[in-house]
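When a ligand or atom number is given, it counts from 1 through the structure's own listing order.
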Amino acid sequence: MAADALFRPFSYKSLHLKNRIVMAPMTRSFSPNGVPPPEVATYYRRRAEGEVGLILSEGTAVARPAAKNDPNVPDFHGEQALAGWKRVINEVHAAGGRMGPQLWHVGSARNQLTKWVAPPPVDSPSGLSSPGKRFTEPMTDSAIADAIAAFGKAAADAKRLGFDVAEIHGAHGYLVDQFFWAGTNERTDVYGGATLGERTRFAVDVVKAMRAAVGEDFVIILRLSQWKQQDYNVKLAQTPKEMEEWLTPLVDAGVDILHCSQRRFWEPEFEGSELNFAGWAKKLTGRPTITVGSVGLSGEFLSTLLKGEGSKTASLDDLLRRLEREEFDLVAVGRALITDAQWARKVREGRESELADFDREALSTLV
Ligand SMILES: Cc1cc2nc3c(=O)[nH]c(=O)nc-3n(C[C@H](O)[C@H](O)[C@H](O)COP(=O)(O)O)c2cc1C
């Protein structure tokens, strides 16, 4: 099947992309003391040279003491780290790419690969790392206000440095998602509540702070997932109606594009329809959506990262069929772009036979 659908331009507000391929945000931990060195700029520039339409950076920490759980994860605050990011966006633009940082706060999620512990206080809605596991105090009102302001400040910096978009990491069981999930949010104030709609309040305030900082025309992306790293089987929204109650306040607050994280993009979200998460999010909100999850690969990413399972290259036909019928607008590619910076160009030129399987070894170097 010809890959033409992946290579149509896309525009929304001030964002103009040459194709539909997005580099998925992927933590690489090559930024000692939180400062992205020149090698990180070169790494992203190579993906821009390889024709990726939009690059989302690895998760980068907002200005709260325990926003990250690995010292080599880059910060998105402080003069030195921001100077590093300025070099990144300048190089990506010089290569004709578009890019935004993924703004991240890990909340109470511990790192499964390092034992490093951030300075206190750990931020989380109810002091829980997973349902029933209490290990710290719930966030105070002032900690919540400060965290929201930190996202707003980071968005302002993203725009000031020249980035094209900013993405909020609202997925995978990290801070924003900990507010969505009843299993980690037992608050009884405005940031808690019995319904998923009520538990969007923290994310809504984050989005509003960012929107106030960047103005109307700058694109804000929100990454969401039903699943949590604490439990792959969780579904925040059990029905389309619940999904609508979750997404509507977020879109109303100012989210432009929803980035719907699945581990396997082909899995239907609800019974009785083939639509995946990004398909439903688009149908329910009318906003553009990004799909993701094992594009071009046979196995999903967590088995690769945590168990070392390899993934073979796989056909793009099902993805292209869905994109062709506009189930979603953009397609994020993760591991395949770690293995091969030229992935997008090779797909455009029909050189699929040159694409390689993914092996965890690829994570040990930044090339
Ligand atoms: C090494 C690695 C690091 C990741 N780090 C992040 C991250 O910082 N933020 C995030 O939202 N997702 C992260 N993910 C998930 C990816 O963005 C993506 O959703 C996932 O890898 C599925 O896409 P793929 O099957 O094409 O690899 C990471 C994945 C990998 C493989």
Taking only non-hydrogen atoms of [X], do any sit less than 4.0 angstrom from ligand 1?
X: G293; answer: yes
X: L297; answer: no
X: A336; answer: no

Identify whether the distance between the nearest side-chain nitrogen and carboxylate oxygen of [X] and [Y] falls below 4.0 Å.
X: E269; Y: K235; value: yes
X: E58; Y: R28; value: no
X: E91; Y: R87; value: no
X: R321; Y: D317; value: no
X: R8; Y: D4; value: no
X: D217; Y: K13; value: no

Side chain or backbone, does [X] bring an N or O within less than 3.5 Å of an N or O on ligand 1?
X: S294; result: yes
X: G59; result: yes
X: R223; result: yes
X: P25; result: yes
X: T27; result: yes
X: H169; result: yes
X: G334; result: yes
X: Q102; result: yes
X: R335; result: yes

Using a 4.0 Å heavy-atom cut-off, which part of V292 comes near ligand 1: side chain, backbone, both, or neither?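 The side chain, only.
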Just to be sure I read this right, does ligand 1 sit under 4.0 Å from the backbone of R28, its side chain, both, or neither, counting only heavy atoms?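 For R28, no heavy atom sits under 4.0 Å from ligand 1.
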Partner set under side-chain hydrogen bond (donor to acceptor under 3.5 Å, both in side chains) for T184, not counting sequence neighbours: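 Not a single residue meets the side-chain hydrogen bond (donor to acceptor under 3.5 Å, both in side chains) criterion with T184.
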Could you tell me which residues satisfy side-chain hydrogen bond (donor to acceptor under 3.5 Å, both in side chains) with R360, sequence neighbours excluded, listed by chain and number?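 If we apply the side-chain hydrogen bond (donor to acceptor under 3.5 Å, both in side chains) test to R360, skipping adjacent residues, there are no hits.
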Do V22 and F10 make a side-chain contact, defined as non-hydrogen atoms from C-beta onward lying under 4.5 Å apart?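 No. Closest side-chain heavy atoms not under 4.5 Å.
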